[in-house]
Peer 1: 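Here it is, the structure, as structure tokens.
Numbering of ligands and ligand atoms starts at 1, following listing order. Every value quoted in this text rests on a predicted model; they were computed, and no experiment measured them.
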Amino acid sequence: MKSRVLREILKEYGLDFYVKYVYCGKEKCRSCPHGPYLYASRREGGKVKNVYLGKATASLLAKKDEIVRKVLELLMEYEIKNKQIEEEFKKKLSDLLQDLLSQEEHFD
Ligand SMILES: [Zn+2]
């Protein structure tokens, strides 16, 4: 799966990542802007929480990608199981209703 697609899926679950440069505000700072830094934004209820993850080095970005991949594997596994449960439910429901609706009419 392309990383853009993965990102869109995660966003639906309230998780996103972004890289940012920061101005420290110190007078005469020669290294502004600082960074790049990696952040995660997490939507919880109606609020968005931003979490600093560290300097956006190649290894941190790779670690982030690895975790994102694992999270998506979990989500896919969950959705597959969910679908199976739903199908099982529909089948059982249909069997039960079939049973109920196939009663023969008896007139005493
Ligand atoms: Zn600075």
Peer 1: Supply the atom-to-atom distance K47 NZ to R42 CZ, rounded to the nearest 0.5 angstrom.
Peer 2: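 Going from the NZ atom of K47 to the CZ atom of R42 covers 14.5 Å.
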Peer 1: Who passes salt bridge (charged side-chain N to carboxylate O under 4.0 Å, His left out) against K26, sequence neighbours left out?
Peer 2: none
Peer 1: Would you call K90-E86 a salt bridge at under 4.0 Å N-O?
Peer 2: yes
Peer 1: Indicate yes or no: does R69 engage D65 in a salt bridge with an N to O separation below 4.0 Å.
Peer 2: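 Looking at R69 and D65, the cut-off is not met.
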Peer 1: Give, for atom NZ of K20 and atom CG of N50, the distance between the pair rounded to the nearest 0.5 Å.
Peer 2: 7.0 Å
Peer 1: Please report the number of protein N, O or S atoms that lie less than 2.8 Å from the Zn ion (ligand 1).
Peer 2: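 That number is 4, waters not included.
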Peer 1: Between E66 and K70, does any NZ, NE, NH1 or NH2 come within less than 4.0 Å of an OD or OE carboxylate oxygen?
Peer 2: yes
